[in-house]
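Quick notes on the structure that follows.
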Amino acid sequence: METIFGRYARTSDCGSLRREAAGGQAVLMGWVHRIRDLGRAGMFVLLRDRGGITQLLFQPDLAAEAYDLAKTLGPEHCIAVRGEVGARDEKNVNPDMATGEVEVRVTDLEVLSRSEVPPFEISGHSEAKEELRLRHRYLDMRRPEFQRNFLMRAAVTQAVRRHMSQQGFMEVETPFLVKYTPGGARNFLVPARLKPGRFYALAESPQIFKQLLMIAGFDRYFQVVKCFRDEDPRQDRQVEFTQIDVEMSFVTEEMILSQVEGMARVIWKEAIGLDLPEAFPRMTYAEAMSKYGTDKPDLRFGLEHQDITELGRDCGFRVFEQVAADGGLIKAIRVPGAAKVLSRKKLDDLTRFVQREEVGPVAGLAWAKLQAEGAWQGAFPKAAKPEALDAVAKQCSMEEGDALLVLAGPAVNVHKAADALRRRLGADFGLIDESAWALCWVTDFPLFEWSEEAQTWTSSHHPFTMPVAEDLDMLETDQGKVRARAYDLVCNGYEIAGGSIRIHDREIQARVLRALGISDQEAKDKFGFLLEAFKYGAPPHGGIAAGLDRIMMLLTGTDSIRDVIPFPKTINGLDLMTGAPGGVFDAQLAELHVQVTGTAGGTSQDADS
RNA sequence: GGGGUGGUAGUUAAGUCGGUUAUAACGCCGGCCUGUCACGCCGGAGGCCACGGGUUCGAGUCCCGUUCACCCCGCCA
């Protein structure tokens, strides 16, 4: 038997052979996916590589030596084979396989690398625990679904680069090691060996640099770039993640939004062949909060919130009257046709759910059912004045057989609880169209948020966000009402991009910084270089950053961004495969002039214990 | 920082009220099988019940702590 590797090149990958190839010679290399030994009939081996899976046939009559060697194969052995492509008989065709019409009748087999029995089945159907899969990430990534995800990601990234370049954007790299700036996300810190006692920060985004690129006259910039944020990871958040970062000069919101819509169309087309609409619907932040209780509403289903605070003010139902009097919020969700389905037990369950949402106190969950012939059921309708009840029913468009769920309490809590409740109901009642792509712009965010902790106004977006022109007068007087020229792109309940028009006017910038309680000296210390740059003819500019990981999570239909990041970290920020973050030796710390005090779980002395 | 769920064979899970030798499926190993495709049949091996304490005559099971994974809040665009 001839050796194969180094002597023959692969004739194709394992996903390419079709009936037309029958009769020809094939050389394939890949991993043993599955083995079916039928004794004297021969041995079927599924060979897998990035391209797909091909069935190999080993028979004693065909090639005794190859057959005997094949008997020693095990799962995940890496092999090379050579043989004739055979068309399968009609009755042996496997319609579920892309290569199901053929098989390779192997005459030569070379074992390139044997494999121990892997810790979990790559070809299997039962999912191993996440912990184990992350520890052996390179094995998990062998699975065809994973390879499909990453191939799609690569295709999307390429399509974005191609499209953006065609649109006149230039790709520019910005530094990761940057100056620490307080506010916003917590930074990872990197000690500067050459300047003892000083630290770099890992960039949480290229924000300031892309603005400087605009001042530099680059006009249109984009970058596919890693960002670092030392905050607790989540299903849709990692400490390091990838943004498609975009900035443009001489633009208005309209131009940026339409540019991003074009990019999104390219992405969806490339990834799943879908044509998104020319323009996406828009709603203001105020509308989103009012109807959905969140700034990233899932628009694949209804169940909008109704604000019935005014109707509750003098309705006869004590709880509501009290909340209205206290300046709280009352929100109702009409659940069509749910009067029967929402049993007492189910309602109790939902009550526990909204109170368990750790959203702060809400006054429980009131409910009302409209039965046949206008008969009401529930504590609220029983206590409420008839005219108040009618008004509520009218506003909520109640029909017979509907149920109404009502939350009352402090506005922030009610929004949060009603958002959670809406999503829960949507899922429970199967109202979510899983095949839908509900993209939507949310605009007119508040410029500032009050921070209880710091007892000061903070930027909702960042300090360089341009206020809406007609709100400028309120910068000194009514900061909470000032709207920002900021926008988010939301898809199916996930924020997938966010950006703003930036301030290019030094006077407005100074007023915003003052509103944030940042003194001139402080501003100079923190981002003096940017303010300095604004002195030299800064063009009007704005931009956006899209979360590539989240977009890929949605497009691949996976439920965590971990599934579209090759080497993700756990919820504790650990890399279970490499053991990062690991300890370091004292000598390294000494060189950095860094001392470690608290060493919970591992000392600095035994590196990588 | 807070709340929740979980960790039992290589894997996924079951394990009753605290009580004999800890089950099953898949995988693995050996054998059989002339067309399988999640092949099938027969047999076999495989366990520090996450870790550390405690209660008890006796702990996989109860209690306390630790740790890891996942979900949520805080945090984070």
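Proteins get letters first, then strands, A, B, ... in listed order; numbering begins at 1 in each. As the structure is a prediction and not an experimental result, all values here were calculated from the model.
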Residues forming a side-chain hydrogen bond (donor to acceptor under 3.5 Å, both in side chains) with A/Asp428, sequence neighbours excluded | A/Lys346, A/Arg424
Would you indicate, yes or no, if B/rA69 has its OP1 or OP2 atom less than 4.0 angstrom from a side-chain nitrogen or oxygen of A/Arg135?
-> no
Residues in side-chain hydrogen bond (donor to acceptor under 3.5 Å, both in side chains) with A/Arg237, at least two apart?
-> none
Residues forming a ring pair (Phe, Tyr, Trp, His ring centres under 6.0 Å) with A/Trp437, sequence neighbours excluded | A/Trp268
Salt-bridge present (A/Arg423, A/Asp419; N to O < 4.0 Å) | yes
Separation of B/rC73 C1' from A/Phe353 CZ (nearest whole Å) = 12 Å
For RNA chain B, the residues among residues 45-60 of chain A that have a non-hydrogen atom under 4.0 Å from it | A/Gln55, A/Leu57
Nucleotides 40-47 of chain B: which of its N/O atoms have a protein N/O under 3.5 Å away?
none

Interatomic distance, A/Asp140 CG vs B/rA69 P [rounded to whole Å] | 16 Å
Roughly, in whole Å, what's the span from NZ in A/Lys91 to P in B/rC37?
-> 13 Å
Residues in salt bridge (Lys or Arg N to Asp or Glu O under 4.0 Å) contact with A/Glu240, at least two apart in sequence or another chain | A/Lys226, A/Lys569
Charged N to carboxylate O under 4.0 angstrom, A/Arg114 versus A/Glu76?
-> no
Tell me, which pairs form a ring pair (Phe, Tyr, Trp, His ring centres under 6.0 Å) where one or both residues lie in residues 281-300 of chain A, sequence neighbours left out?
-> A/Tyr285-A/Phe445
Grab the CZ-P distance between A/Phe44 and B/rA38 for me, whole Å please.
-> 13 Å
Residues A/Glu253, A/Arg485: salt bridge by 4.0 Å N-O rule | yes
A/Arg562 side-chain N/O to B/rC71 phosphate OP1/OP2 under 4.0 Å = yes
A/Gln235 CD - B/rA69 C1' separation (whole Å) | 14 Å
Expressed as a whole number of Å, how far does the C1' atom of B/rG47 sit from that of B/rA9?
-> 5 Å
Base B/rC33 paired with A/Arg36 side chain (donor-acceptor, <3.5 Å) = no
Can you give me the N/O atom pairs linking the protein to nucleotides 6-10 of chain B at distances under 3.5 Å, or say none if there are none?
residue: B/rG10; atom: O2'; partner: A/Pro119; partner atom: O; Å: 2.9

May I ask you to check whether over 12 heavy atoms, not counting those of A/Glu145, lie within 6.0 Å of atom CD?
-> yes
Per side-chain hydrogen bond (donor to acceptor under 3.5 Å, both in side chains), A/Asp549 is matched among A/Arg153, A/Arg562, A/Gln238 by A/Arg153
Between B/rC37 (C1') and A/Glu103 (CD): distance, integer Å | 11 Å
Carboxylate-amine/guanidinium contact A/Asp245 A/Lys210, below 4.0 Å | yes
Whole Å only: how far is the CG atom of A/Asp96 from the P atom of B/rC37?
-> 12 Å
Length of the line joining A/Asn572:CG and B/rC70:P, which is rounded to integer Å = 8 Å
I'd like a list of close polar pairs between nucleotides 75-77 of chain B and the protein, N/O only, cut-off under 3.5 Å.
residue: B/rC75; atom: O2'; partner: A/Glu231; partner atom: OE1; Å: 2.4
residue: B/rC75; atom: O2'; partner: A/Glu231; partner atom: OE2; Å: 3.4
residue: B/rC75; atom: O2; partner: A/Arg237; partner atom: NH2; Å: 3.0
residue: B/rC75; atom: N3; partner: A/Arg237; partner atom: NH1; Å: 3.2
residue: B/rC75; atom: N3; partner: A/Arg237; partner atom: NH2; Å: 2.9
residue: B/rC75; atom: N4; partner: A/Arg237; partner atom: NH1; Å: 3.2
residue: B/rC76; atom: O2; partner: A/Arg237; partner atom: NE; Å: 3.2
residue: B/rC76; atom: O2; partner: A/Arg237; partner atom: NH1; Å: 2.6
residue: B/rC76; atom: N3; partner: A/Arg237; partner atom: NH1; Å: 3.2
residue: B/rA77; atom: OP1; partner: A/Ala185; partner atom: N; Å: 3.3
residue: B/rA77; atom: O2'; partner: A/Glu495; partner atom: OE2; Å: 3.0
residue: B/rA77; atom: N9; partner: A/Glu495; partner atom: OE1; Å: 3.3
residue: B/rA77; atom: N6; partner: A/Asp295; partner atom: OD2; Å: 3.2

Can a donor-acceptor pair under 3.5 Å be found between the side-chain atoms of A/Arg34 and the base atoms of B/rU36?
-> no
Any side-chain N or O of A/Asn94 under 4.0 Å from OP1/OP2 of B/rU36?
-> no
Given the P atoms of B/rA69 and B/rC29, what is the spacing between them in whole Å?
-> 32 Å
How would you list, by chain and number, every residue that makes a side-chain hydrogen bond (donor to acceptor under 3.5 Å, both in side chains) with A/Asp37, sequence neighbours excluded?
-> A/Lys71
For A/Arg135, check side-chain hydrogen bond (donor to acceptor under 3.5 Å, both in side chains) against everything at least two apart and list the hits.
-> A/Glu131
Quick one: label A/Pro233 by what it contacts on the DNA or RNA (base, sugar-phosphate, nothing), any heavy atom closer than 4.0 Å.
-> nothing
Testing B/rG35, B/rC73, B/rC71 for proximity to the side chain of A/Lys416, the answer is B/rC73
Residue set satisfying ring pair (Phe, Tyr, Trp, His ring centres under 6.0 Å) with A/Phe527, at least two apart, ordered chain then number -> A/Phe464
Look at A/Arg186 together with A/Asp230 and state whether they make a salt bridge at an N to O cut-off of under 4.0 Å.
-> no
Taking for A/Gly42 and for A/Leu574 the nucleotide of RNA chain B with the nearest heavy atom, the one nearer the 5' end belongs to A/Gly42
